[in-house]
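Quick notes on the structure that follows.
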Amino acid sequence: MIGIFDFYAALVESSDDAIVAKDVNGVVISWNPAAERLFGWSSAEMVGYSIRRLLPPDRQHEEDDILARIGRGERVGQFLTKRLHKDGHELDISVTVSPVRDEMGTVVGASKIARDAGPYLKQQAELLVSKARFETLANNIAPLCWMANADGHLFWYNQRWYDFTGTTWEEMDGWGWEKVQHPDHLPRVKELWIKHLQSGDEWEDTFPLRGKDGEWRWFLSRAKPIRNEAGEIIRWFGTNTDITEQLQQAEQIRLLLLEVNHRSKNMLTTIQALLRRSIEGNEEFVARFSERIRSLAASQDILVRRAWREVPLDELVAGQLKLVEGAAGSLQTDLPDLSIGPRAAETIGMALHELATNSLKYGALSVAEGVVQIAARVEDGNLHLSWTESGGPPVSPPTRKGFGTTLISDVPRRYFGGSADIDYAPGGVTWRLVAPVAMVTPGHEPEPEA
């Protein structure tokens, strides 16, 4: 059975830490294999020699301090320092020194534990670099940034936040951000934030914040939940982006579009008046022309509401077919969630208006049994849009091709580059439009051919 002293000796010999024993004068008494590996000196080269041979010239005072403290029976807690390797290069090490006493309690030496601190210091340096990079990024990007615990307690803001709000961390810690929220918006903002904290969904909201000058500015705010490997939310990262100028510009554009819309309608009204005076006696033509102008105006109203960017297909259909409200026949629609561009909206809107007008006078919408079905789908890169009538009076093809046919077939076919065909079957009119999606969707519409 191994004795206690043999056990301790084996423990010292097998330790990965350098364990060195020295007397009260700093002369080495024992030197384990880990010390040999760390410092490069063998036990034979160190035992009986002063530990000072490991100290760089500018560190000799450390040994003076250590021996003095050991002599007083004090323990020297872990500290970082430098020592010399046998080949002359300096080592970063961490050191702990404890006094060793004899049976009478007298300090007779010291036990020193040392380990290579290089990897630790390298890691700390990398962390400092990483922290500096993060702070540089976080404090200099345009948005106000913040982080919150899983329960919504905000614990960090970037410098932009403090620069804008003029607040301190002590004021903002936790739910302090409520102080810079507009009171008219705070209940709604807080309710939505709490709702997303509970659901774990990404959060987005728009609201005003008070700056240090007392002025309110609008911000688009978003927050993303950060999850651990188990999928649990451990924190939230959020940004507040100033959109005040964008909102002001959008409002100016909206007002400008309204003014343009108003002026264009005045121009159309003037054209109607001139037309009436120029061709008195042909009221049917004037009425039909006026209806087509109203169709253009209806599409224009929708486009103005949508900032002239895109129009949902169902909204376009509803706007153009207001004239059939109260019609004898019924209208059914089956439309996808699809937005189309401004020029496509005008072209399709005019065709639908023309079809509706004809149906009210001669087709399915003119009788109670009549039904009009408007359906659309996207398939193989094309938009398929159809108008199908049934249950109305018997249909016969027109004897001449008028401007209405141009609006229904020729203009869409020429503009979209697809097909726009109308069938005057006895059971009811059918119109089918097949147009490449690239010619229909917003942002992809080419210029129409002359």
Side-chain angles (χ1 to χ4, degrees), residues 1-138 228-229:
M1 181 176 178
I2 188 171
I4 188 65
F5 293 108
D6 292 332
F7 178 83
Y8 282 132
L11 185 66
V12 170
E13 289 295 303
S14 63
S15 174
D16 287 332
D17 292 331
I19 301 177
V20 178
K22 58 185 179 181
D23 63 19
V24 292
N25 296 312
V27 175
V28 176
I29 299 172
S30 70
W31 185 265
N32 76 339
E36 293 184 348
R37 292 192 296 270
L38 179 60
F39 297 108
W41 298 88
S42 68
S43 175
E45 292 173 309
M46 287 301 299
V47 173
Y49 293 90
S50 173
I51 196 70
R52 289 181 182 273
R53 71 183 341 179
L54 300 181
L55 277 69
D58 61 345
R59 300 273 178 172
Q60 291 294 325
H61 65 280
E62 290 184 1
E63 185 64 12
D64 296 332
D65 180 62
I66 291 171
L67 292 176
R69 293 177 62 183
I70 291 298
R72 295 193 296 269
E74 297 178 14
R75 180 178 180 274
V76 179
Q78 185 181 47
F79 67 99
L80 295 173
T81 185
K82 291 183 180 292
R83 292 293 183 262
L84 291 174
H85 189 272
K86 182 180 179 179
D87 64 13
H89 79 272
E90 290 189 350
L91 298 169
D92 290 304
I93 65 169
S94 65
V95 178
T96 303
V97 187
S98 302
V100 176
R101 302 173 187 271
D102 63 13
E103 296 178 353
M104 302 299 293
T106 303
V107 175
V108 294
S111 172
K112 166 183 167 181
I113 298 177
R115 65 180 52 176
D116 185 1
Y120 169 78
L121 292 175
K122 181 181 178 182
Q123 183 185 51
Q124 291 301 304
E126 290 174 348
L127 288 174
L128 288 175
V129 170
S130 178
K131 179 182 178 183
R133 287 173 179 168
F134 169 75
E135 291 179 347
T136 300
L137 173 65
N228 60 19
E229 293 181 356

How long is the gap from [atom1] on [X] to [atom2] on [Y], to the nearest 0.5 Å?
{"X": "Ile113", "Y": "Ser15", "atom1": "CD1", "atom2": "OG", "value": "7.0 Å"}
{"X": "Arg133", "Y": "Leu128", "atom1": "CZ", "atom2": "CG", "value": "12.0 Å"}
{"X": "Arg69", "Y": "Ser98", "atom1": "CZ", "atom2": "OG", "value": "10.5 Å"}
{"X": "Arg75", "Y": "Ser111", "atom1": "CZ", "atom2": "OG", "value": "10.0 Å"}
{"X": "Leu54", "Y": "Glu90", "atom1": "CG", "atom2": "CD", "value": "12.0 Å"}
{"X": "Asn32", "Y": "Leu38", "atom1": "CG", "atom2": "CG", "value": "9.5 Å"}

Can you name the nearest heavy-atom pair linking [X] to [Y], along with the distance?
{"X": "Asp17", "Y": "Arg115", "result": "OD2-NH2, 2.6 Å"}
{"X": "Val24", "Y": "Leu67", "result": "O-CD2, 3.5 Å"}
{"X": "Ala35", "Y": "Ala18", "result": "CA-CB, 3.5 Å"}
{"X": "Val97", "Y": "Ala110", "result": "CG1-CB, 3.8 Å"}

List the steps and the verdict of side-chain contact (heavy atoms from CB on, under 4.5 Å) for Phe39 and Leu84. CA-CA 7 Å; Phe39 297 108; Leu84 291 174; over 6 Å; no
For the side chain of Gln60 and the backbone of Leu55, is there at least one donor-acceptor N/O pair under 3.5 Å apart?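 Yes; at least one donor-acceptor contact below 3.5 Å.
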Is there a donor-acceptor pair closer than 3.5 Å between any side-chain N or O of Asp116 and the backbone N or O of Ile93? no
Quick one: list whatever passes side-chain contact (heavy atoms from CB on, under 4.5 Å) with Ile29, sequence neighbours left out.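 Testing Ile29 for side-chain contact (heavy atoms from CB on, under 4.5 Å), a comparison that skips the adjacent residues, returns Ala21, Asp23.
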Go through the side-chain N and O atoms of Glu36 and Ser43 and say whether any donor and acceptor fall under 3.5 Å apart.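 Looking only at side-chain atoms, Ser43 and Glu36 do not form any donor-acceptor pair under 3.5 Å.
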When you compare the side chains of Arg59 and Thr81, does any donor N or O come within less than 3.5 Å of an acceptor on the partner? yes
With a 4.5 Å limit on heavy-atom distance, are the side chains of [X] and [Y] in contact?
{"X": "Asp92", "Y": "Tyr120", "result": "no"}
{"X": "Met46", "Y": "Lys22", "result": "no"}
{"X": "Glu74", "Y": "Pro99", "result": "no"}
{"X": "Ile51", "Y": "Val27", "result": "no"}
{"X": "Lys112", "Y": "Val95", "result": "yes"}

Quick one: list whatever passes ring pair (Phe, Tyr, Trp, His ring centres under 6.0 Å) with His89, sequence neighbours left out.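 His89: ring pair (Phe, Tyr, Trp, His ring centres under 6.0 Å) contacts with His85.
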Any carboxylate oxygen within less than 4.0 angstrom of a Lys/Arg side-chain nitrogen, looking at [X] and [Y]?
{"X": "Asp64", "Y": "Arg52", "result": "yes"}
{"X": "Arg53", "Y": "Glu45", "result": "no"}
{"X": "Arg83", "Y": "Glu62", "result": "yes"}

Should Val28 and Ser50 be marked as a side-chain contact (heavy atoms from CB on, under 4.5 Å) after you check the CA-CA gap, both sets of side-chain angles, and the distance that decides it? CA-CA 6 Å; Val28 176; Ser50 173; over 6 Å; no
Would Tyr49 and Trp41 count as a close aromatic pair, with their ring centres under 6.0 Å? no
